[in-house]
Amino acid sequence: MGGTFYFGTDNRFHFTGMNTYQLSSRQAGTGITAGNTNTFEWGLGVTFEKRFNVGLVGFHQYQTTAQKGGPEVLRKMFHQQHGIGWGMSYATTEKFSFAIRSYWEMMAAYRPQGNAFRLIVNYNF
């Protein structure tokens with residue numbers, strides 16, 4: 001679920017938010033069911049020439065339910081991770097657009113921490 005709020009005299013500025021909830025199922029061969037995860041992603045940006053967009057991006061991700069199966073110590077650990085960075089997108093036509101995002105991950109608990117880079121290709125049906 002997500003949405004975008006446009007503001008400013010010409011609606012060039014925007015805040016976008018999207019929340020996803022991951023339901024985990026049992027892994028074949030291990031009998032382990034990882035905990036469910038909630039992720040909130042956001043962006044605050046400005047649009048130029050109706051096709052180019054640049055701004056700040058971020059995410060907050062955290063485990064919401066305990067792992068089932070596996071070692072007891074892992075069942076008590078709830079992972080989380082947060083990130084902030086920059087992003088830009090460009091609409092080549094009304095049907096195609098491309099975006100890049102780069103995040104600096106921080107405050108990771110019970111999971112690896114690093115940096116993330118995403119290349120996104122969109123096609124509007």
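For clarity, every value in this text was computed on a predicted model and none was experimentally measured.
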Next on the checklist: For Phe96 and Tyr123, I'd like to know if the aromatic rings sit close, meaning centre-to-centre distance below 6.0 Å.
Outcome noted: yes
Checklist entry - Between Met107 and Tyr62, is there a shared hydrophobic cluster once you connect ILVMFWY residues whose side-chain heavy atoms come closer than 4.5 Å? => result no
Checklist entry - In terms of hydrophobic clusters joined by side-chain contacts under 4.5 Å, are Leu44 and Tyr90 together? => result yes
Item to check | Pair Thr37, Gln22: side-chain N/O donor-acceptor within cut-off below 3.5 Å | outcome: no
Item to check | Working for ring-ring contact (aromatic ring centres under 6.0 Å, His included), residues Tyr6 and Phe13 | outcome: CA-CA 6 Å; Tyr6 295 93; Phe13 298 93; over 10 Å; no
Checklist entry - Judged by atom type as modelled, is there a donor-acceptor pair below 3.5 Å linking the side chain of Arg12 to the main-chain atoms of Val46? => result no
Next on the checklist: Looking only at the aromatic ring of each residue, does the gap between the centers of Phe78 and Tyr110 stay below 6.0 angstrom?
Outcome noted: no
Checklist entry - Does Val54 share a hydrophobic cluster with Leu56, counting links as ILVMFWY side-chain heavy atoms below 4.5 Å and allowing steps through other members? => result yes
Checklist entry - Going by the salt bridge (charged side-chain N to carboxylate O under 4.0 Å, His left out) test, which pairs reach into residues 24-49, not counting sequence neighbours? => result Glu41-Arg118
Checklist entry - Does the pair Gln81 and Glu105 meet the rule for a side-chain hydrogen bond (donor to acceptor under 3.5 Å, both in side chains), with working shown? => result CA-CA 7 Å; Gln81 187 172 21; Glu105 297 173 350; 2.6 Å; yes
Checklist entry - Which distance, rounded to the nearest 0.5 Å, do you find between the CE of Met88 and the CZ of Phe48? => result 11.0 Å
Next on the checklist: Count I, L, V, M, F, W, Y as connected when their side-chain heavy atoms are under 4.5 Å apart, and connections chain through other members. Are Ile84 and Phe15 then in the same cluster?
Outcome noted: yes
Next on the checklist: Test your reading of the model: is there a side-chain donor-acceptor pair from Asn53 to the backbone of Gly45, 3.5 Å cut-off?
Outcome noted: no
Next on the checklist: Which heavy atom of Thr65 sits nearest to which heavy atom of Gln63, and what is that distance?
Outcome noted: O-NE2, 2.7 Å
Item to check | Side chain Arg101, main chain Phe117, donor-acceptor under 3.5 Å | outcome: no
Checklist entry - Can a donor-acceptor pair be found between the side chains of Tyr21 and Asn38 at a distance below 3.5 Å? => result no
Next on the checklist: Using side-chain heavy atoms (C-beta onward) and a distance below 4.5 Å, is Phe40 in contact with Met18?
Outcome noted: no
Next on the checklist: When you compare the side chains of Thr64 and Asn36, does any donor N or O come within less than 3.5 Å of an acceptor on the partner?
Outcome noted: no
Checklist entry - Of all heavy-atom pairs between Trp42 and Phe59, which one has the smallest distance, and what is that distance? => result NE1-N, 3.8 Å
Checklist entry - Hey, what do you get for CG (Asn122) to NZ (Lys95), rounding to the nearest 0.5 Å? => result 13.0 Å
Item to check | Shortest non-hydrogen contact from Ser24 toward Gly35 | outcome: OG-O, 3.2 Å
Item to check | Inter-residue atom distance Arg75.CZ - Gln67.CD, 0.5 Å rounding | outcome: 8.0 Å
Checklist entry - Side chain of Gln61, backbone of Thr39: donor and acceptor closer than 3.5 Å? => result no
Checklist entry - Does Thr92 offer a backbone N or O that forms a donor-acceptor pair with the side chain of Arg51 under 3.5 Å? => result yes
Next on the checklist: Quick check for you: to the nearest 0.5 Å, what is the distance between Ser89 atom OG and Phe52 atom CZ?
Outcome noted: 7.5 Å
Checklist entry - Side chains of Thr47 and His14: closer than 4.5 Å at any heavy-atom pair? => result yes
Item to check | Side chain proximity check, Asn124 to Glu94, heavy atoms < 4.5 angstrom | outcome: no
